[in-house]
Novice: 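This is the structure I have questions about; it appears just below.
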Amino acid sequence: MSYMDSSAPRTLPDIEEHTRAFWTGGRNNELLINQCQDCGNFIHPPVPMCPKCHSRRVMATPTTGNAIVASFTINYTPWVPDLEVPYVFAVVELIEQSGLYVSTQLVNTDIQLVTIGMRVRACFECLDDVYLPLFEPA
């Protein structure tokens, strides 16, 4: 995993207690995903209860940050001022668990080379105290 600093305009998330680790783990270069301590199920988006076994013993756990592109779209519309286009918005599946998806932007790649099944890894963009998980080619 790597860290990047960007001037791209972004809307920052509201950080709640059960989402804090996901949005700040990049400070330590870690992609933290909630995991149930009873059944082992990874949970994303982060919620305080396991949807599989209903346990409330959920803890942010470091992942490898490795994933595969499950779906993507190339955006050509500058939705906000100063948004550099085109860019790739993707859904990636983390290798830790089948069906463990993260919506993200792919960076540091030629958009024409992006494919379904492409191996990617987490990198982070720091804005204020938020470390946005982005992904780049592995």
Side-chain angles (χ1 to χ4, degrees):
M1 290 180 265
S2 63
Y3 165 79
M4 61 184 279
D5 202 0
S6 168
S7 59
R10 304 238 187 240
T11 300
L12 297 179
D14 291 329
I15 297 180
E16 299 173 354
E17 191 54 40
H18 62 276
T19 66
R20 182 175 315 287
F22 179 74
W23 296 119
T24 62
R27 178 182 306 120
N28 298 319
N29 210 30
E30 293 182 315
L31 179 62
L32 299 173
I33 301 291
N34 282 1
Q35 185 178 32
C36 178
Q37 300 304 292
D38 288 330
C39 73
N41 184 50
F42 281 95
I43 306 155
H44 188 76
V47 292
M49 183 177 83
C50 177
K52 187 173 179 182
C53 76
H54 306 290
S55 171
R56 292 199 177 268
R57 289 185 0 101
V58 173
M59 178 186 286
T61 305
T63 65
T64 62
N66 294 317
I68 296 173
V69 174
S71 183
F72 72 94
T73 185
I74 299 173
N75 187 60
Y76 292 93
T77 303
W79 297 105
V80 294
D82 301 323
L83 179 63
E84 189 175 323
V85 293
Y87 65 90
V88 180
F89 179 78
V91 175
V92 300
E93 184 176 28
L94 299 179
I95 66 167
E96 277 74 13
Q97 176 179 294
S98 178
L100 181 59
Y101 298 107
V102 174
S103 298
T104 188
Q105 183 179 345
L106 295 187
V107 295
N108 304 327
T109 187
D110 179 340
I111 64 171
Q112 301 306 317
L113 299 178
V114 175
T115 61
I116 302 290
M118 178 179 182
R119 294 184 182 279
V120 293
R121 66 176 175 228
C123 60
F124 301 93
E125 180 179 349
C126 178
L127 296 169
D128 297 330
D129 290 333
V130 174
Y131 291 78
L132 297 172
L134 307 175
F135 283 78
E136 63 187 1

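These figures come from a predicted structure and were not determined experimentally. Basis for what follows: all heavy atoms, side chains included, without hydrogens, waters or symmetry-related copies.
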Novice: Within the structure provided, determine whether Thr109 and Met118 are in side-chain contact (heavy-atom separation under 4.5 Å).
Specialist: yes
Novice: Roughly how far, to the nearest 0.5 Å, is the CE atom of Met59 from the CD atom of Gln35?
Specialist: 9.5 Å
Novice: Is there a side-chain contact between Pro45 and Thr19, using heavy atoms and a 4.5 Å cut-off?
Specialist: no
Novice: Roughly how far apart are Ile33 CD1 and Thr63 OG1, rounded to 0.5 Å?
Specialist: 5.5 Å
Novice: Let me check something: do Leu106 and Ile111 share a hydrophobic cluster, defined by ILVMFWY side-chain heavy atoms less than 4.5 Å apart, either directly or through other members?
Specialist: yes
Novice: Specify the closest pair of heavy atoms between Leu31 and Phe124, including all atoms of both residues, with the distance to one decimal.
Specialist: N-CZ, 3.7 Å
Novice: Please check if Ile116 and Leu100 belong to a single hydrophobic cluster, counting links between Ile, Leu, Val, Met, Phe, Trp and Tyr side chain heavy atoms closer than 4.5 Å.
Specialist: yes
Novice: Taking the side chain as C-beta and beyond, is there a heavy-atom pair between Glu136 and Leu134 under 4.5 Å?
Specialist: no
Novice: Can you name the nearest heavy-atom pair linking Val107 to Cys123, along with the distance?
Specialist: CG2-SG, 3.6 Å
Novice: Taking the side chain as every heavy atom from C-beta outward, state whether Val88 and Val69 have any atom pair closer than 4.5 Å.
Specialist: no
Novice: Counting only heavy atoms not in Arg119 (residues, nucleotides, ligands), do more than 12 fall under 6.0 Å from its CZ?
Specialist: no
Novice: Is Phe22 reachable from Val130 through a run of I, L, V, M, F, W or Y residues, each pair having side-chain heavy atoms under 4.5 Å apart?
Specialist: yes
Novice: Just how far is it from atom CD1 of Ile68 to atom CD1 of Ile95, taken to the nearest 0.5 Å?
Specialist: 7.5 Å
Novice: Would you check if Val85 and Asn75 make a side-chain contact, meaning some heavy-atom pair closer than 4.5 Å?
Specialist: yes
Novice: May I ask you to list the residues sharing a hydrophobic cluster with Tyr101, side-chain cutoff 4.5 Å, ordered by chain and number?
Specialist: Val91
Novice: In Å, rounded to the nearest 0.5 Å, how long is the span from CH2 of Trp23 to CD1 of Ile15?
Specialist: 8.0 Å
Novice: What is the distance from atom OG of Ser103 to atom NE2 of His44, rounded to the nearest 0.5 Å?
Specialist: 7.0 Å
Novice: Restricting to non-hydrogen atoms, name the atom on Lys52 and the atom on Cys39 that form the minimum distance, rounded to 0.1 Å.
Specialist: CD-SG, 4.1 Å
Novice: Looking at Cys50 and Asn41, what are the two nearest heavy atoms and their distance?
Specialist: SG-ND2, 3.8 Å
Novice: State the CG-CG distance between Leu94 and Asn66, to the nearest 0.5 angstrom.
Specialist: 9.0 Å
Novice: Report yes or no: do Ile43 and Met49 belong to one cluster of Ile/Leu/Val/Met/Phe/Trp/Tyr joined by side chain heavy-atom distances under 4.5 Å?
Specialist: no
Novice: Heavy-atom count check: over 12 atoms from other residues, nucleotides or ligands less than 6.0 Å from Asp110 CG?
Specialist: yes
Novice: Does Val102 belong to the same Ile/Leu/Val/Met/Phe/Trp/Tyr cluster as Leu32, with side-chain heavy atoms less than 4.5 Å apart forming each link?
Specialist: no
